[in-house]
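The block underneath contains the structure these notes are about, expressed in structure tokens.
From a predicted model like this one, the values you see are computed outputs, not experimental measurements.
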Amino acid sequence: MASRLSRKAATPLLRVHRSRSQRRNRRFSGECSASPCLLSHQEPIGYRPNKDQVDIWRRSLQCCLADGAGVTAFMRFLATEHSTENLLFYMAVQEYECLGERQRKHRAPEIHNEFVKCGAPQEINIDSGTRKRACENYSLADRLVFTEAKEVVFNLMKRDSYKRFLQSPFISDIKNSAL
């Protein structure tokens, strides 16, 4: 079910990026609530988080995902476990919910085929009822068609992979090497 996804392959699903000033302001503000339309997992090459950022990531999964460096670190951790599909889906749906109707009509089948349908290349771990509703309704391209599945995936990550991320040597290594 879970397979590796190269950064290059993930890029088409993640088109929304923060401006440099938005990243810089968020980085030093200590906030952890971000507009879902600004979510991005790509920080500048060579960027290293500071210790305060790492402490913010520890507050909650939402705080971790509100920071581009936090998303990058969590994605790298998930890649070591070969389980990036849930985070990629979550981010794709965050982006999808910010699109206009015309763009959603093109993106809905992509998200469905990549993550939701049975046997999808990046099939997410959701219950059959949630999967069925998403599969039946994705062609409507409604803004909220994947929201239920996104919430299930978020809660699964919060209870499972995020807790392992916090307890892993991975996060300790990041904090120790942070500026």
Exercise: identify the closest heavy-atom pair between Phe165 and Cys64: CE2-SG, 4.0 Å
So, applying side chain to side chain contact (heavy atoms under 4.5 Å, CB included) with Phe154, which one of Asn86, Leu65, Leu87 is it? Leu65
List the steps and the verdict of salt bridge (Lys or Arg N to Asp or Glu O under 4.0 Å) for Glu136 and Arg133. CA-CA 5 Å; Glu136 288 173 350; Arg133 284 185 291 282; over 6 Å; no
Main-chain N/O of Glu148 paired with Glu151 side-chain donor or acceptor, under 3.5 Å: no
Counting only heavy atoms not in Glu101, do more than 12 fall under 6.0 Å of its CD? no
Taking all non-hydrogen atoms of both residues, which atom of Ala141 and which atom of Arg104 are closest, and how far apart? O-NE, 2.9 Å
Could you go through Gln53 and Asn50, starting from their C-alpha distance and side-chain angles, then the distance that decides it, and tell me whether this counts as side chain to side chain contact (heavy atoms under 4.5 Å, CB included)? CA-CA 5 Å; Gln53 276 182 281; Asn50 62 47; 3.6 Å; yes
Side chains of Thr84 and Gln122 in contact at under 4.5 Å (non-hydrogen atoms): yes
Contact check, side chains of Glu123 and Arg131, non-hydrogen atoms, under 4.5 Å: yes
Contact between Phe89 and Ile111 at the side-chain level, heavy atoms closer than 4.5 Å - yes or no? yes
Looking at every heavy atom in both Asn113 and Ala120, which two are closest together, and how far apart are they? O-CB, 3.3 Å
A side-chain contact here means heavy atoms from C-beta on lying under 4.5 Å apart; do Val54 and Ile171 qualify? yes
Whether the side chain of Thr72 engages the backbone of Gly68 through a donor-acceptor N/O pair (distance < 3.5 Å, no angle test) should be reported. yes
Please list, chain by chain and in numerical order, all residues satisfying side chain to side chain contact (heavy atoms under 4.5 Å, CB included) with Arg164, sequence neighbours excluded. Phe77, Glu81, Asp160, Ser161
How far does NZ of Lys163 sit from OG of Ser168, to the nearest 0.5 angstrom? 14.5 Å
Find out if a path of hydrophobic residues (ILVMFWY) with successive side-chain heavy-atom gaps under 4.5 Å connects Leu156 to Leu78. no
Distance, nearest 0.5 Å, that separates CD1 of Ile124 from CD1 of Ile126: 4.0 Å
What is the distance from atom CG of Asp67 to atom CD of Gln62, rounded to the nearest 0.5 Å? 13.0 Å
Lys/Arg-Asp/Glu bridge criterion (N-O < 4.0 Å) met for Asp55, Lys175: yes
Go through the steps for Glu97 and Lys150 under the test salt bridge (Lys or Arg N to Asp or Glu O under 4.0 Å), then give the verdict. CA-CA 11 Å; Glu97 290 173 346; Lys150 180 185 81 169; 2.9 Å; yes
Check whether Met75 and Leu166 end up in the same hydrophobic cluster, where Ile, Leu, Val, Met, Phe, Trp and Tyr are linked by side-chain heavy atoms less than 4.5 Å apart. yes
Distance in Å, Tyr90 OH paired with Met157 CE, rounded so as to fall on 0.5 Å steps: 6.5 Å
Taking atom NZ of Lys117 and atom CD of Glu114, what is their separation to the nearest 0.5 Å? 9.5 Å
If every non-hydrogen atom of Arg143 is compared with every non-hydrogen atom of Leu99, which pair is closest and at what distance? NH1-O, 3.1 Å
In terms of heavy-atom contacts, Phe115 and Ala92 come closest through CE1-CB, 4.2 Å
Is the distance between the ring centroids of Phe146 and Tyr96 under 6.0 Å? yes
Which heavy-atom pair separates Cys63 from Ile56 by the least distance, and what is that distance? CB-O, 3.3 Å
Ring pair (Phe, Tyr, Trp, His ring centres under 6.0 Å) pairs touching residues 48-71, sequence neighbours excluded, are none
Using side-chain heavy atoms (C-beta onward) and a distance below 4.5 Å, is Thr80 in contact with Arg76? no
